[in-house]
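Structure first, commentary second.
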Amino acid sequence: MKFGIDIGHNCPPDTGAKGIDKTEDFLTKAVGEIVIQNLQKAGHSVVNCTPTSVSSVNDSLRKRVDKANQANVDFYVSIHFNSFNGKAHGTEVFALSPKGREVGKKVLDEIVALGFNDRRVREANFFVLKNTNMPAILIECCFCVFTN
């Protein structure tokens, strides 16, 4: 299977939330690199959809989607971390397609098994979910204390 992995943000000016200890860029890159390595070890091919240079956040989003669509990946995964609002906790996955929701639930179940609160698979009209030609999910791995 061919996966498109989007290591969220990581391309100035698209830098994500600023944390007290770590930035969202740092966290998504750490998780994304492990995901890519594990998929490759399992025999899958992986396209890293994270752009190397952009002019804006919108340009960043468009380049991520274009790379996945041009590479004709089978499944697209965007990795993020939620900004903590003082109350919420846990992990959630966003998807629009039936296949995205199905895979998203499996991914969510694996993360919840690590001890995270299940915030469900949800629908949202995120750019990367609406504009990819393949099933896609956006994972909010957990909530982190960020300062924006």
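Numbering starts at 1 and runs along the sequence shown.
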> Val57 and Val65: same hydrophobic cluster, using ILVMFWY side-chain contacts below 4.5 Å?
Replying inline: yes
**Asked** How about Phe26: does its CZ atom have over 12 heavy atoms from other parts shown lying under 6.0 Å from it?
**Response** no
Check: Quick one: does Asn58's side chain have a donor or acceptor within less than 3.5 Å of a partner on Ser56's backbone?
Finding: no
### Task
Quick one: do Ile139 and His80 satisfy side chain to side chain contact (heavy atoms under 4.5 Å, CB included)? Show the steps, please.
CA-CA 6 Å; Ile139 305 167; His80 293 269; over 6 Å; no
task = Evaluate the side-chain proximity of Tyr76 to Ile137: yes if any heavy-atom separation is below 4.5 Å, no if none is.
result = no
Checking Lys2 side chain against Val46 main chain: does a donor-acceptor pair fall under 3.5 Å?
no
| query | Quick one: do Phe94 and Val35 end up in the same hydrophobic cluster if we chain Ile, Leu, Val, Met, Phe, Trp and Tyr together by side-chain heavy atoms under 4.5 Å apart? | reply | no
ask   = Is there a side-chain contact between Ile5 and Val47, using heavy atoms and a 4.5 Å cut-off?
value = no
Q) Just checking, is any N or O donor in the side chain of Thr50 or Asn48 under 3.5 Å from an acceptor N or O on the other one? A) yes
| task | Decide, yes or no, whether a salt bridge links Glu123 with Arg101 under the criterion of side-chain N to carboxylate O below 4.0 Å. | result | yes
Practice task
State, with a plain yes or no, whether a side-chain heavy atom of Cys141 is found less than 4.5 Å away from one of Leu27.
Solution key: no
**Asked** Do side-chain atoms of Glu24 reach the backbone of Ala17 as a donor and acceptor pair under 3.5 angstrom?
**Response** yes
Report, one line per pair, each donor and acceptor closer than 3.5 Å where one atom sits in a side chain of residues 105-115; sequence neighbours left out.
unit_1	atom_1	unit_2	atom_2	d
Lys105	NZ	Asp109	OD1	2.6

Check: Is any side-chain heavy atom of Leu61 less than 4.5 Å from a side-chain heavy atom of Val128?
Finding: yes
Salt bridge or not between Arg64 and Asp6? Use side-chain N to carboxylate O under 4.0 Å. yes
For a 4.5 angstrom cut-off between non-hydrogen side-chain atoms, does Phe127 reach Arg62? yes
| Does some side-chain heavy atom of Phe75 sit less than 4.5 Å from a side-chain heavy atom of Val103? | yes
Treat each ILVMFWY residue as a node, draw an edge where side-chain heavy atoms are under 4.5 Å apart, and state whether Ile7 and Val77 are in one component. yes
Distance col, row Lys67:NZ vs Thr132:OG1, nearest 0.5 angstrom, shows 15.5 Å
task = For side chain to side chain contact (heavy atoms under 4.5 Å, CB included), just list the numbers for Thr91 and Glu140, CA-CA rounded to whole Å, side-chain angles, deciding distance to a tenth of an Å, and then say yes or no.
result = CA-CA 6 Å; Thr91 188; Glu140 293 283 2; 5.6 Å; no
Given 3.5 Å as the limit, does a donor-acceptor pair link the side chain of Thr28 with the main chain of Asp25, or not? yes
Handout entry: side chain to side chain contact (heavy atoms under 4.5 Å, CB included) between Asp74 and Met1, worked out
Key = CA-CA 6 Å; Asp74 298 310; Met1 190 167 190; 3.7 Å; yes
Ring pair (Phe, Tyr, Trp, His ring centres under 6.0 Å) filter on Phe3, not counting sequence neighbours, yields His44
**Item:** Hydrophobic cluster identity match, Val73 and Leu138, side-chain contacts under 4.5 Å
**Value:** yes
d(Glu92 CD, Cys142 SG) to nearest 0.5 Å is 11.0 Å
Do the non-hydrogen side-chain atoms of Ser53 and Lys63 ever get within less than 4.5 Å of each other? yes
Asn69 side chain to Asn133 main-chain N or O, any donor-acceptor pair under 3.5 Å? yes
Using the rule that Ile, Leu, Val, Met, Phe, Trp and Tyr join whenever any side-chain heavy atoms are under 4.5 Å apart, tell me whether Val93 and Met134 fall into a single cluster. no
One should read off an interatomic distance between Lys29 NZ and Thr23 OG1, to the nearest 0.5 angstrom, of 10.5 Å
CZ of Phe126 to OG of Ser78, rounded to nearest 0.5 Å, is 9.0 Å
